[in-house]
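Report on one structure; see the data block that follows.
Labels below follow one simple rule: chain letters A, B, ... track the order of the sequence lines, proteins then strands, and each chain is numbered from 1. Please read all numbers here as calculations on a predicted model, not as lab measurements.
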Amino acid sequence: MDCDALCHIIRRLSMGSTIMMRTTIERMAGAAGREAELCGWVYNKRSSGKIRFLIVRDGTGIMQVVITKPELMETFDRLTQESSLVVSGKVRADSRSPGGFEMEATSLEALQIAGDYPITPKEHGTAFLMENRHLWLRSQKQWAIMRVRAEIIRACRDFLDDNGFLLVDTPIFTPAACEGTTTLFETAYFEDKAYLTQSGQLYNEATAAAFGKVYCFGPTFRAEKSKTRRHLTEFWMIEPEMSFAGLDDAMQLAEDFLYFIVQRVLENRQPELAVLQRDVEKLRRITRPFPRLSYTDAVEILRKEGNEIEWGGDFGSPDETVLSARFDSPVMVHRYPSAVKAFYMKPDPQNPDVALCVDVLAPEGYGEVIGGGQRIDDSELLRSRIAAHQLPEESFRWYVDLRRFGSVPHAGFGMGIERATAWLCGIEHIRETIAFPRTIYRIYP
RNA sequence: UCCUCAGUAGCUCAACGGUAGAGCAUCCGGCUGUUAACCGGAGGGUUGUAAGUUCGAAUCUUACCUGAGGAGCCA
């Protein structure tokens, strides 16, 4: 694009904002009956002789523009899918237009004519769509998912901010394994090595002792070669942690937190859920209190259902599906065997073979969305666990310190944003719930 | 890491041992209310790569590459 054209566009855009009301599709109802200007991209177009239809998207929605003026036809004919444009005209309600409003164009200007757009209005395979993820984000389904995701994040933060939790973010670079179980991404750190965090958990315990109730929210990394619809190598997790709290407090918080998020999405994201064809009745059926089930009772249920599981083993995803299918609301499974859980989980004083921990399984087979529990608060027990897990003692000195200086019972959990988003959107695969997913075989775009 | 499946036009697929085809996208033409619009026409191919079997391979065999689904691990 040459300089003259660019200057013209800038002049045109600035004129638009002073002379005519610039409107987004989201707010088009407010412009009904008046002239308005809309900036966007061609979503699709159709023509029928002397009347032409332009479907425009602007990021906030999609809308139909009708073109009948002969002097606009030439510009219309040049427009290709995803060409950028500025159009103005009179807005009126019309049930035949997606969104309920349409614009009768009085002027139409192409900013840039797009080349052959790879994503056509027909079906595509996910491999191709992922290769074009930067463009795929423009389509309706992705639009809806990203807006539900943003709503979930906003709900999480509002809930915690309004309930006395202080946002204190934890580092991405860490000197050693947080939990020692999963594989970490190793990276060069000047003369040294560092690892990308797999959880803010341990640092959260330090900030909880400093600030009472805290949460962190950020990306986490797992270098596991997982290859399923529930795994990413980079995903976002929100982790609240409370001082002077036990497992029951963590479970209550998880219940209130999830319930709040579900209600918020139902309240503010109906159009998006409609685009996704989400069965919202299933979300409306979620009620408090959530069912609670001990691990031991869960194993008994699974064995009656014919699943092959021995007491002491962790649940596989078919097990989680069977358990969650029994309830309309998320189910909280607590007190797993200590042996299958992280080293910092506090043993149950009633039965030291199990830990004071909880996994929250989402309904409809979406699996674990929350994991957490109460942490060990005794320094000697913690040190023996660190040794038993063959973790480097030196790296955990600060962590043990937290038990030497005013130790208190404390508990918290982590929720995976992508899993929660997949569940509330009712979509098959977690990779569509983040703008640029990172999986074992994909780091492009 | 293991198991299963799949790679054919830009995309989605068909052809399953005998001349590689359709829809969408693109280009040209038609239509005054279209809704993934429709109708007519055109261009578009080293059938993932390499070797083998055969008179003849997209099709059968082997290896490799790439991807998808599942398991394990986890949020």
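- No donor-acceptor pair under 3.5 Å is formed between the side chain of A:T187 and the backbone N or O of A:A194.
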Pick out the pairs of N or O atoms, protein on one side and nucleotides 41-47 of chain B on the other, that lie under 3.5 Å.
none

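- When heavy atoms are screened at a 4.0 angstrom cut-off, A:D359 is found touching no nucleic acid atom at all.
- As judged by a 4.0 angstrom heavy-atom cut-off over every strand, A:I370 is placed among residues touching the sugar-phosphate backbone only.
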- Query: salt bridge (charged side-chain N to carboxylate O under 4.0 Å, His left out) between A:E102 and A:R92: does it pass, once the steps are laid out?
  - Reply: CA-CA 6 Å; A:E102 73 176 16; A:R92 61 165 180 259; 2.8 Å; yes
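- Applying the 4.0 Å criterion to OP1 and OP2 of B:U26, one finds that A:R78 has every side-chain N and O outside that range.
- Of the P atoms belonging to B:C60 and B:C73, the separation is 37 Å, rounded to the nearest Å.
- B:U12 sits 25 Å from B:A71 when the P atoms are compared, rounded to a whole Å.
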- Query: salt bridge (charged side-chain N to carboxylate O under 4.0 Å, His left out) between A:R264 and A:E267: does it pass, once the steps are laid out?
  - Reply: CA-CA 5 Å; A:R264 262 290 193 80; A:E267 208 172 301; 5.1 Å; no
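- Contact annotation: A:S317 reaches the phosphate of B:A71 (side-chain N/O to OP1 or OP2, under 4.0 Å).
- Nucleic acid contact for A:R52: none, since no nucleic acid atom lies under 4.0 Å from a heavy atom of the residue.
- The stretch residues 423-440 of chain A touches RNA chain B through A:H429, A:I430, A:R431, each having a heavy atom within less than 4.0 Å of the strand.
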- Task: Decide side chain to side chain contact (heavy atoms under 4.5 Å, CB included) for A:R431 and A:T126; before the verdict, give the C-alpha distance in whole Å, the side-chain angles of both, and the deciding distance to 0.1 Å.
- Result: CA-CA 10 Å; A:R431 68 188 157 204; A:T126 46; 3.5 Å; yes
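- Nucleic acid contact class of A:E102 (heavy atoms, under 4.0 Å, all strands): base.
- Residue side chain A:S47 reaches the base of B:C31 through a donor-acceptor N/O pair under 3.5 Å, judged by distance alone.
- Legend: residues meeting ring-ring contact (aromatic ring centres under 6.0 Å, His included) with A:W143, ordered by chain and number and at least two apart, are absent.
- Looking at A:R230, its side chain has no donor and acceptor atom pair within 3.5 Å of the base of B:G69.
- Checking side-chain atoms of A:T75 against main-chain N and O of A:E109 turns up no donor-acceptor pair under 3.5 Å.
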- Do A:S199 and A:E239 pass the side chain to side chain donor-acceptor pair (under 3.5 Å) test, and can you show the C-alpha distance, the side-chain angles, and the key distance before you say yes or no? CA-CA 8 Å; A:S199 165; A:E239 296 173 275; 2.9 Å; yes
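- Remark: aromatic rings of A:Y336 and A:F315 are close, center separation under 6.0 Å.
- For A:R292 and A:D248, the salt-bridge test fails: no basic side-chain N is under 4.0 Å from an acidic carboxylate O.
- The base of B:C31 lies outside donor-acceptor range of the side chain of A:R46, with no N or O pair under 3.5 Å.
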- Query: Just by protein heavy atoms under 4.0 Å, how would nucleotides 2-11 of chain B read 5' to 3' in B, S and -?
  - Reply: --------BS
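- For the salt bridge (Lys or Arg N to Asp or Glu O under 4.0 Å) condition, the pairs that include at least one residue of residues 130-141 of chain A, sequence neighbours left out, are A:E82-A:R138, A:E131-A:R442, A:K141-A:E432.
- Rounded to an integer number of Å, the gap from A:D319 CG to B:C73 P is 10 Å.
- Judged by ring centres under 5.5 Å apart and planes tilted less than 30 degrees, A:F235 stacks against the six-membered base ring of B:A75.
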- Message: Show me the dot-bracket string of RNA chain B, counting Watson-Crick or G-U pairs under 3.5 Å, with | for pairs to another strand and [ ] for crossing ones.
- Response: (((((((..((((....[..)))).(((((.......))))).....(((((..]....))))))))))))....
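- Using a 4.0 Å heavy-atom cutoff across all strands shown, A:G367 reaches no nucleic acid atom at all.
- Remark: A:Y215 engages no residue in a ring-ring contact (aromatic ring centres under 6.0 Å, His included) (not counting sequence neighbours).
- Comparing B:G45 with B:A14, their C1' atoms sit 15 Å apart, to the nearest whole Å.
- The C1' atoms of B:A20 and B:G44 are separated by 13 Å, rounded to the nearest whole Å.
- Sorted by first and then second residue, the pairs that involve residues 293-307 of chain A and meet salt bridge (Lys or Arg N to Asp or Glu O under 4.0 Å), not counting sequence neighbours, are A:R303-A:E310, A:E305-A:R326.
- A:R149 and A:E418 are joined by a salt bridge, as a carboxylate oxygen and a charged side-chain nitrogen come within less than 4.0 angstrom of each other.
- The CD1-P distance, from A:I113 to B:U26, rounds to 12 Å in whole Å.
- A:K50 places its NZ atom 5 Å from the P atom of B:U32, with the value rounded to the nearest Å.
- Nearest-nucleotide positions on RNA chain B place A:Q81 closer to the 5' end than the other of A:Q81 and A:S48.
- When the ring-ring contact (aromatic ring centres under 6.0 Å, His included) test is applied to A:Y444, no partner is found at least two apart in sequence or on another chain.
- For A:F128, the ring-ring contact (aromatic ring centres under 6.0 Å, His included) criterion is met by A:H124, not counting sequence neighbours.
- Applying the ring pair (Phe, Tyr, Trp, His ring centres under 6.0 Å) test to every pair with at least one member in residues 145-174 of chain A, sequence neighbours left out, gives these pairs: A:F159-A:F257, A:F159-A:F260, A:F173-A:Y189.
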Could you run down the sub-3.5 Å N/O contacts of the protein with nucleotides 64-67 of chain B?
unit_1, atom_1, unit_2, atom_2, d
B:G67, OP1, A:Y441, O, 3.4

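- Atom-to-atom, CG of A:D77 to P of B:G30 comes out at 10 Å; the value is rounded to the nearest Å.
- A:R230 and A:E320 are not joined by a salt bridge, as no carboxylate oxygen comes within less than 4.0 angstrom of a charged side-chain nitrogen.
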